[in-house]
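So the structure is just underneath, and the comments pick up after that.
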Amino acid sequence: MPRLSAVRADEVRSTDDVVMRAMVDELDRSMRDLSLEGLPKPYFIQINAQDRLTYSMSAEYGAITKSDDTRNRMLNVRVRVGSYELDNTNFRRPFGQFGLLPQDDDYTALRCAIWLLIDRDYKQAVETLSSKQAFLKDKKAEDRPDDYSPAPVVTEVEPRAALAFDAKEWEKNLARLSDRFNQYPKIQDAQVTLFAGTADEWIVNSEGTRLRTGDSGIGIEVQAELQAPDGMPLSDSLSYLGERVDQLPPIEKMLADIDEMCRKLVALSEAPILDQYTGPVLFEPSASGRVFEALLGEGICARPQSVGGGEDPNSLEKKLGLRILPRSFQIYDDPGPRMFGDSVLAGAYEFDDEAVAPKRVNVVEKGVLKDLLSGRAPTRKIAQSNGHGRSGGVGDARAEVGCLYVSDENGMPGDELKRELTQAAQEEGLSFGLRIAALEGGSDNSLGNPIYAYKVACDGDKEELVRGLQFRSVQTRAMKRLLAAGTERKAHNSLGRVSSSFIVPAIVFEELELARIEREFDKLPILPPPALRGK
């Protein structure tokens, strides 16, 4: 999104942006007049607002099942009392106040909504600070970091977001895409979903920041499910993402992708089950993005330990200065570039949710953990924000991955990588290695189950598709003994609470353990699908 030139804070107040004007005026009034007798005044207030217009559509087997558009304005406020060194946050209540703003540009109504949330949060803030001070009085808190850190003032206004989107045309496109599944009667359930829209966001705070940004996007997801003859459920999906409609592939390309996905799913349903496997595993770039997300995504984010709470078991902060990957690996996070090749990066942004411009962070150098991603809440070893504090629209911002780039200076072409896999398998006395081309989405820091896994014979290039495997526990420390990585990299977009991107090569683990999925499956449907009626 192109930027306008930076503007001064007083110029922002005088613009025709009623939302910005209402936010600034109510913020100024609160900082000046908000107080309770005998209790501290706010030392910092931040207000975040979002105005979102969203189109959502779904289609199944050639018919539109849902098509609507919604608009809403959301508001987050965070009142801090005390000081940067010790305030009411990071104790019991994880975030401030959340509510809705009027959709009309009515100055008085906007200010009223903002006033109510600030008033409510201030009352809770002074109560929480008092409880926190009482708690700390009886505790020995060694090396406790400050609760917040100052950040540069930003005064910038970007253009409002816009998206050229023809809803009727895309209803026809979705119907056409979903109709393709009628050619594959073994597919038991399939859906095509579209989300498109715009988002204008405002951030103002008592330090003087006055920021407005605009963004737009469109995404299509295709999902398909079937059952193997033994009842095992199998599924796969396709995702397409663009900031504009013209960044999506042509409909004919999507139809071809659906054909390929359906053929692969049918072949998977007919594949044998592999009971267990312990040995080297090759993850193709289409799968290794999920590996890095699961095993490193949480650990490299600097998040303060909650007062009275336990340590985050995923945090790698204590490993700063230690090797966590082979010495040939480099990792950095840079949310600036919006594209990698022809792939849109969902994790790209110009300012985080604390109005801090992101910096490129060299996370891993020569395999050694050098730095962490951080927001404005300090930790024991990270004192300042590097522009990675993000909230996903609700609650306090915390450190999150933006766009994580992984490379290996000793990277190999794909054919050499496969030979590395089979050679390692032979050294372990195995007749095959395992290649994984796609993974299900996992939860938290766990890997999802393999979707497409292939036995790669050690005495040739023969491959056999297998199914029914799940990972035993995989720990971050296993990445220290990666055998090799590829030269080609692909972007993996994760669209969770916040959007992140992982630009990664294929990787080979020295040893992982997988076992057969042991659970009861539903029986196959009694009647064939309607598409087979009369055949």
Side-chain angles (χ1 to χ4, degrees), residues 57-65 67 165-196 217-228 234-271 283-290 339-346 414 435-441 450-454 463 465 467 486 488-493 495 501 503 506 529-532 535:
M57 301 177 185
S58 298
E60 297 181 14
Y61 294 98
I64 297 295
T65 57
S67 180
F165 180 77
D166 187 329
K168 292 299 181 183
E169 177 185 359
W170 276 99
E171 286 179 1
K172 294 177 183 178
N173 289 336
L174 253 64
R176 184 181 174 196
L177 290 171
S178 67
D179 182 62
R180 198 67 159 204
F181 289 102
N182 285 312
Q183 299 182 20
Y184 299 93
K186 290 189 176 182
I187 301 296
Q188 294 175 344
D189 193 15
Q191 186 177 62
V192 183
T193 305
L194 176 147
F195 291 97
I218 179 169
I220 294 176
E221 184 166 0
V222 183
Q223 296 179 314
E225 301 175 2
L226 52 62
Q227 286 177 280
L234 305 169
S235 63
D236 196 4
S237 63
L238 301 167
S239 295
Y240 306 97
L241 190 66
E243 292 182 317
R244 307 182 309 272
V245 171
D246 61 9
Q247 289 179 322
L248 296 178
I251 297 299
E252 294 300 329
K253 172 65 168 61
M254 296 188 212
L255 289 170
D257 290 346
I258 290 174
D259 289 337
E260 181 182 8
M261 178 180 68
C262 290
R263 288 193 293 266
K264 288 168 63 177
L265 269 178
V266 171
L268 181 63
S269 70
E270 299 167 353
F283 291 89
E284 297 292 350
S286 52
S288 68
R290 174 57 200 159
M339 303 285 295
F340 180 76
D342 58 358
S343 297
V344 171
L345 298 180
R435 178 175 72 88
I436 295 177
L439 288 172
E440 296 176 351
I451 299 177
Y452 301 112
Y454 299 84
E463 292 192 352
L465 179 64
R467 63 181 173 91
E488 178 191 3
R489 292 188 294 175
K490 291 186 178 180
H492 160 72
N493 286 318
L495 307 178
S501 299
I503 300 90
L532 283 179
K535 295 185 180 181

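By convention here, the first residue in the shown sequence is residue 1. As the structure is a computational prediction, the values presented were derived from the model and not from experiment.
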Mind checking whether [X] and [Y] have side chains closer than 4.5 Å, heavy atoms only?
X: Lys172; Y: Glu169; answer: no
X: Phe340; Y: Arg489; answer: yes
X: Asp189; Y: Phe181; answer: no

What's the separation between atom [atom1] in [X] and atom [atom2] in [Y], rounded to the nearest 0.5 Å?
X: Met261; Y: Leu268; atom1: CE; atom2: CG; result: 12.5 Å
X: Ser286; Y: Lys490; atom1: OG; atom2: NZ; result: 5.5 Å
X: Arg180; Y: Tyr61; atom1: CZ; atom2: OH; result: 14.5 Å
X: Gln223; Y: Ser178; atom1: CD; atom2: OG; result: 13.0 Å
X: Thr193; Y: Leu174; atom1: OG1; atom2: CG; result: 7.5 Å
X: Leu234; Y: Leu226; atom1: CG; atom2: CG; result: 5.5 Å

Please report the shortest heavy-atom distance between [X] and [Y], naming the atom on each side.
X: Ile436; Y: Pro450; answer: CD1-CG, 4.0 Å
X: Arg467; Y: Ser269; answer: NE-O, 3.8 Å
X: Leu439; Y: Ala287; answer: CD1-O, 3.6 Å
X: Ser67; Y: Met57; answer: OG-CG, 3.8 Å
X: Leu465; Y: Ala453; answer: CD1-O, 3.4 Å
X: Leu241; Y: Ala346; answer: CD2-CB, 3.6 Å

Salt bridge (Lys or Arg N to Asp or Glu O under 4.0 Å) involving Glu60 - partner list, sequence neighbours excluded: none
Using the test salt bridge (Lys or Arg N to Asp or Glu O under 4.0 Å), find all partners of Glu270 that sit at least two apart in sequence or belong to another chain. Lys186
Yes or no on side-chain contact (heavy atoms from CB on, under 4.5 Å) for Glu221 and Phe195, after CA distance, side-chain angles and deciding distance? CA-CA 9 Å; Glu221 184 166 0; Phe195 291 97; over 6 Å; no
Angle between ring planes, Phe165 versus Trp170, binned at 30° and 60°: parallel, tilted or perpendicular?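 The arrangement is parallel - the two ring planes meet at less than 30°.
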Please list every donor-acceptor pair under 3.5 Å in which a side-chain atom of residues 247-258 meets a protein atom from a residue at least two apart or in another chain.
residue	atom	partner	partner atom	Å
Gln247	OE1	Glu243	N	2.6
Gln247	OE1	Arg244	N	3.2
Glu252	OE2	Arg176	NH2	2.2
Lys253	NZ	Asp257	OD1	2.9
Lys253	NZ	Asp257	OD2	2.9
Asp257	OD2	Tyr240	OH	2.7

Any chance CG of Asp342 has more than 12 other-residue heavy atoms, nucleotides or ligands included, within less than 6.0 Å?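 12 or below, so no.
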Let me know which of Val344, Leu345, Leu495 forms a side-chain contact (heavy atoms from CB on, under 4.5 Å) with Ser501.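 When Val344, Leu345, Leu495 are each tested with Ser501, the side-chain contact (heavy atoms from CB on, under 4.5 Å) holds only for Leu345.
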